[in-house]
Structure formats: structure tokens, C-alpha cells
Trainee: 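Here's a structure for you.
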Protein chains: 2
Amino acid sequence: MQSFTEENYLKAIYHLTEQPDQYVQTNAIAERLQTKAASVTDMMKKLADKGLIDYVRYTGAKLTETGYQTAVGIVRKHRLWEVFLVETLNFKWDEVHDVAEELEHINSVLLIERLDEFLGFPRTDPHGDPIPDKHGKFEKRSFIKLSKLTAGSSGTVTGVSEHSTPFLKHLEKLGLTLGARIEVSEVSEFDGSVELVLNNKNINISRDVAKHILINT
Amino acid sequence: MQSFTEENYLKAIYHLTEQPDQYVQTNAIAERLQTKAASVTDMMKKLADKGLIDYVRYTGAKLTETGYQTAVGIVRKHRLWEVFLVETLNFKWDEVHDVAEELEHINSVLLIERLDEFLGFPRTDPHGDPIPDKHGKFEKRSFIKLSKLTAGSSGTVTGVSEHSTPFLKHLEKLGLTLGARIEVSEVSEFDGSVELVLNNKNINISRDVAKHILINT
DNA sequence: AGAATTTTTTAGATTTACCTAAAAAATTTA
DNA sequence: TAAATTTTTTAGGTAAATCTAAAAAATTCT
Ligand SMILES: [Mn+2]
Ligand SMILES: [Mn+2]
Ligand SMILES: [Mn+2]
Ligand SMILES: [Mn+2]
């Protein structure tokens, strides 16, 4: 059993890991958790002592198998709660993240299994992210960032890599929600902003927005 | 905003208050929260500083209006979550208390209002306790402890004053669940155990059990 | 390579929620 | 009402999670 704080560190390392054998840097964790590098170093020692991470001084931290399973378990809870909030309690997709950040720390195997069952074993959350099953297994989605598409290519919005309320509200207003079909008509050479066709209408989005939209081609 | 710990102290004071103007004793709080009197004294000063309790040295603590509203809000959340667990996720009444102890600290007004709505604005929880509405208002049930009934009197089980799993499982086995009609046939002068008729069958329960069963006559 | 910069760690404090032991106040008993 | 007992508080300390400032290591630049 670990504290909320420890769980949040494990989850941060999980999300910051991009390649299988990567060591996540102290500063990256500090930034993600809005804390100081010194605090991260302290916690890294503690998590290493507990066997949850492999920590190498001046190099960084990597989840052990136990640490990975713990982190995935929290992500599973986070995403199931998000589905519950949207599907059952009629929350909008931009309203769920912060509450799920709290709910993900509730400890009850029975609760999560029953919730999963009640929701019909959903495979993705309201932001298109895959939901690990009770064994921590899930399929990796294949996608390309909208900012990487070139003029002429088209696809479907399958996810977002940013969960903040303002960002999601913005997409909602544009009609860029999950499942939306888009076609890129032009990419500005000047600022990387993207012009695209959505429901027969032309819309223009900044490169910053495009970077966080995941497309299935 | 207060910490889980502070919330648990407020709730303890709330539950220990029997008459309107009563000051709850330090030791009573310590016992309820399984902590030491010295720790309670520390927290009393803190809660008093925050204006949540009226604290008088060597006398005890009483909730202020703000403290009362906070406590009732937590009780409301606890009981709504218990209904959710039983009604929606098919938990048994003896399985919900501990999880609700965690869920009651989740902070989201929208979540609780939507949950209340989803559940159809229930008035009582799975143990027969009344659920405060969003303004903290609720009707006090009238009941008498089964241990106070005399031979010949009858009534309906409307609640329990003990929420532990073993106790509730015991009642379940006996068939003494909410709504059960009972008639007292005999009260032992020796040990206070109670013999009663339930569904045309005679059952015998100890005084300790009878004390925690609430009857509507 | 050596200097400058960035990243990380260490040292030493702070805050919160606990604790034990001893002192003080209140209550009960004789 | 004085003594004994119970209740509560105070004093002083610990562990977890944080912080700032300074030292140390690693990386990047010239
Ligand atoms: Mn989220
Ligand atoms: Mn999500
Ligand atoms: Mn309960
Ligand atoms: Mn209950």
C-alpha cells in the first residue's frame, strides 16, 4: 500500500516514459508534479527502497514490474471513473479529469471490478485513451499527431494528449471531438497552423492545438 | 478546504453529539478516531482557529454553524455513495461502509449533485440512516432501540447503529434486515437477551445485538 | 580540453499529524 | 472537604512530504 503522493509519482513516471527502457529525469517529474527537484530526489529514494522503481543517481528513474503494475492500476481507475462520469452522470469530457484525479486513489478491488462491469467493460475513456483491463493489459492505439499531417491527408480524431478544461472546451466549440472526420487542406509554413475541413466547413487551428490532437489515418 | 483528517474530526464530533448544545469530550473523540487524547487537543485548537468548532479547554468541542454544515456535507456524501454501491454496483449492505469512508472525502459539488440525481434523490441509505439534502436538511427518524422494547411489543426494523461487516452479516443471517417486522416475545432478566418472532420463526439475539437495532413501532 | 551551463543531489528547515510522559484541572469517592 | 481517580492539556519528539540554498556531477559550448 502506498500514499496518494507515492501513487502520483508512479503515475507521473509512467506517463513520462516514452520508450521501454528509458530513465525518466528528475526535473521532468518535478515539472509534471509541480514540485521541486529536491523533493523528487527524496521520493525516488523512497520508491526505490520499496522496490517500485529502479533509480540511478544522476540518471533518473524507471518503473520496476511492480511499480509498472501499480501505475497501470491507477491509470485504469482514472479512466474508468472518467467513463462513469461522462456516461452515467452526464459530465462533459472537459469536466472529468480533476475529479478522476481524486477518485483514482480510492482503494477497493471490488469497487473497480463492479464499476467496470456496470460500464460494460469500456475499452477507451472520454479522451480516447485505452483502459487497461484488470491484468493491466491494453492495446496501444496507433495515431499520428495532427501537427504532423501534411496537406491532403485525412483521418479521424481518436484522442487528445492534453486534458485541461480550456483545451477540451476549445475543441468542443470547434467540433473537433472524438470520431470527427477531418482533412488537412493547408499547413502554414510561417507558424505551422493547420487549415482543415470538418463537416464541409473550413477551420483553422494553431500548431499548439494541432500538436495535442491524435489522428487515425 | 480541509484535509481528510480535519473532515474526520468534524464528522466524529457530529456523530458524538447527542443533544443540541452538548460539548463533546476529548476522550470520546479520541476513542472514536482510534487516536490519543493529546492528538485530539492539538486538532481542537486548529479547528477552533479555523472557526469550525467552538472549543473550551477542559470542557470539549461543539460544531459551529460552518462546522456543522461541513460535517453534514460529508455525511451526505458518505450515505449517497453507500446507496450507489448497493443500488448500482450490487454491493451488500455490509460491504459498503469502508469504501464510503474513502469516497466521502472526494470534493466535487457537481459530482454529488449528479450522483444524487442519478440515484433518484434517495432519502435513506442502506442502513436506514437519513440522507441530508444539498442544504443539509433531513428528517430525524423516530425509533426505539430493540433492547428497550418489552415483551409483547412489535415493530419494524428501520435502522442499525453499528455499521461493521461482522455485525451486518450477522443480522443478514438472522433475517433482521431493514423492513423486517418483529414482535418481542421475551426479554431475559438474566442477560437482557431478546427472544422475538420474525417471519413466524422464533429467534434469540443477545442484548449487545439488540442495542444496535433500531425499531419503528 | 576547459569553461559555462544545466541537472541533480545534499544539507538543513518547515509543516502536519501523530506519539509518550508528565503536569494540571476537574470530577468522583470516602 | 480532602484524597483518589479520571480527564485533559502541555511539553517535547518523530515521520512524511515538502521547501530553499548550496554543493556536486553531468552535459554543452567555445
Ligand atoms: Mn484524465
Ligand atoms: Mn482521460
Ligand atoms: Mn457507513
Ligand atoms: Mn450507512
Side-chain angles (χ1 to χ4, degrees), chain A residues 1-14 16-19 21-63 67 70-71 74 101-102 104-105 107, chain B residues 1-14 16-19 21-63 67 70-71 74 101-102 104-105 107:
Chain A
M1 242 303 82
Q2 45 279 316
S3 66
F4 282 23
T5 310
E6 287 168 2
E7 292 192 346
N8 284 335
Y9 273 94
L10 292 176
K11 195 165 60 113
I13 296 169
Y14 173 83
L16 289 166
T17 303
E18 277 157 346
Q19 279 107 33
D21 266 327
Q22 182 196 346
Y23 279 80
V24 175
Q25 293 192 124
T26 301
N27 264 356
I29 299 168
E31 204 202 351
R32 189 168 174 107
L33 295 178
Q34 301 275 59
T35 186
K36 300 297 150 112
S39 307
V40 176
T41 301
D42 286 349
M43 184 58 83
M44 294 303 98
K45 289 175 186 160
K46 190 174 160 193
L47 293 175
D49 282 348
K50 292 194 172 193
L52 295 163
I53 62 172
D54 173 11
Y55 169 62
V56 183
R57 274 167 87 232
Y58 290 104
T59 300
K62 195 173 68 173
L63 295 170
T70 306
I74 300 159
E101 285 291 313
E102 293 191 42
E104 72 188 5
H105 301 291
N107 261 312
Chain B
M1 240 305 78
Q2 46 279 315
S3 66
F4 283 23
T5 310
E6 287 168 2
E7 292 191 345
N8 285 334
Y9 272 95
L10 293 175
K11 196 164 58 113
I13 297 169
Y14 172 84
L16 289 165
T17 303
E18 276 159 344
Q19 278 108 34
D21 266 326
Q22 181 195 346
Y23 280 80
V24 175
Q25 294 193 124
T26 301
N27 263 355
I29 299 168
E31 203 201 352
R32 192 171 171 103
L33 296 178
Q34 300 275 60
T35 184
K36 300 296 148 112
S39 307
V40 175
T41 301
D42 285 349
M43 184 58 84
M44 294 304 99
K45 290 176 186 160
K46 189 174 161 193
L47 293 175
D49 282 348
K50 292 195 172 191
L52 295 164
I53 62 171
D54 173 13
Y55 168 61
V56 183
R57 274 168 87 232
Y58 290 104
T59 299
K62 194 173 68 174
L63 294 171
T70 306
I74 299 159
E101 285 290 314
E102 294 190 42
E104 71 189 4
H105 300 292
N107 262 313

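Chain naming here is simple, since letters A, B, ... match the order of the sequence lines and numbering starts at 1 in each.
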Trainee: Between protein and nucleotides 11-13 of chain C, what N or O pairs are separated by less than 3.5 Å?
Mentor:
none

Trainee: Nearest whole Å is fine: how far is dA16(D) P from Asp49(A) CG?
Mentor: 11 Å
Trainee: Nearest whole angstrom, please: distance from the C1' of dT7(C) to the CE of Met44(A).
Mentor: 15 Å
Trainee: Closest approach to the side chain of Ser39(A), judged atom by atom: which nucleotide of dT18(D), dT9(C), dT9(D) is it?
Mentor: dT18(D)
Trainee: Working to the nearest 0.5 angstrom, can you tell me the gap between Glu6(A) CD and Ile74(A) CD1?
Mentor: 10.0 Å
Trainee: Please report, rounded to the nearest Å, how far the P atom of dT16(C) is from the CD atom of Glu6(B).
Mentor: 9 Å
Trainee: Which value, rounded to the nearest 0.5 Å, describes the distance between Leu10(B) atom CG and Thr5(B) atom OG1?
Mentor: 11.0 Å
Trainee: When all nucleic acid strands are considered with a 4.0 Å heavy-atom cut-off, which category describes Phe4(A): base, sugar-phosphate, or nothing?
Mentor: nothing
Trainee: Partners of Phe4(B) by ring-ring contact (aromatic ring centres under 6.0 Å, His included), sequence neighbours excluded?
Mentor: Phe4(A), His105(B)
Trainee: Between Met43(A) and Asn8(A), does a side-chain contact (heavy atoms from CB on, under 4.5 Å) hold up when you go through it step by step?
Mentor: CA-CA 11 Å; Met43(A) 184 58 83; Asn8(A) 284 335; over 6 Å; no
Trainee: Examine dC18(C): is either OP1 or OP2 under 4.0 Å from a nitrogen or oxygen in the side chain of Tyr9(B)? Give yes or no.
Mentor: yes
Trainee: What contact category does Thr5(B) fall into here, base, sugar-phosphate, or nothing, at under 4.0 angstrom with non-hydrogen atoms?
Mentor: sugar-phosphate
Trainee: Check the distance between dT7(C)'s P and Tyr58(A)'s OH and give it to me in whole angstrom.
Mentor: 14 Å
Trainee: Pairs of donor and acceptor atoms involving the side chains of residues 22-37 of chain A, under 3.5 Å and at least two apart or interchain, shall be tabulated with distances.
Mentor:
{"from": "Gln22(A)", "atom 1": "OE1", "to": "Glu18(A)", "atom 2": "N", "distance (Å)": "2.5"}
{"from": "Gln22(A)", "atom 1": "OE1", "to": "Gln19(A)", "atom 2": "N", "distance (Å)": "3.1"}
{"from": "Tyr23(A)", "atom 1": "OH", "to": "Asp54(A)", "atom 2": "OD2", "distance (Å)": "2.7"}

Trainee: Kindly write out the residues that satisfy salt bridge (Lys or Arg N to Asp or Glu O under 4.0 Å) with Glu104(A), not counting sequence neighbours, or none if the list is empty.
Mentor: Lys11(A)
Trainee: Does the side chain of Gln25(B) get closer than 4.0 angstrom to OP1 or OP2 of dT7(D) through an N or O atom?
Mentor: no
Trainee: Please list each protein N or O that sits under 3.5 Å from an N or O in nucleotides 4-6 of chain C, with the distance.
Mentor:
none

Trainee: I'd like to check the side chain to side chain donor-acceptor pair (under 3.5 Å) partners of Lys62(A); sequence neighbours left out, ordered by chain and number.
Mentor: Asp21(A)
Trainee: How would you label the contact of Thr26(A) with the nucleic acid (heavy atoms, under 4.0 Å): base, sugar-phosphate, or nothing?
Mentor: sugar-phosphate
Trainee: What is the distance, rounded to the nearest whole Å, between atom CD of Glu7(B) and atom P of dT16(C)?
Mentor: 16 Å
Trainee: Hey, what do you get for CG (Asp42(B)) to CG (Leu47(B)), rounding to the nearest 0.5 Å?
Mentor: 11.0 Å
Trainee: I need the Thr41(B) OG1 to Arg57(B) CZ distance, nearest 0.5 Å.
Mentor: 10.0 Å
Trainee: For DNA chain D, determine which residues of residues 28-35 of chain B have any heavy atom closer than 4.0 angstrom to one of its atoms, and list them numerically.
Mentor: none
Trainee: Not counting sequence neighbours, which residues clear side-chain contact (heavy atoms from CB on, under 4.5 Å) with Ala48(B)? List them please.
Mentor: Ile53(B), Tyr55(B)
Trainee: Both Arg57(A) and Lys36(A) contact DNA chain D. Taking the nearest nucleotide for each, which residue is further toward the 5' end?
Mentor: Lys36(A)
Trainee: Is any side-chain N or O of Lys45(A) closer than 4.0 Å to OP1 or OP2 of dT10(C)?
Mentor: yes
Trainee: Do Tyr14(A) and Thr70(A) come close enough that some side-chain heavy atom pair is under 4.5 Å?
Mentor: no
Trainee: Mind checking what makes salt bridge (Lys or Arg N to Asp or Glu O under 4.0 Å) contact with Asp49(A), not counting sequence neighbours?
Mentor: none
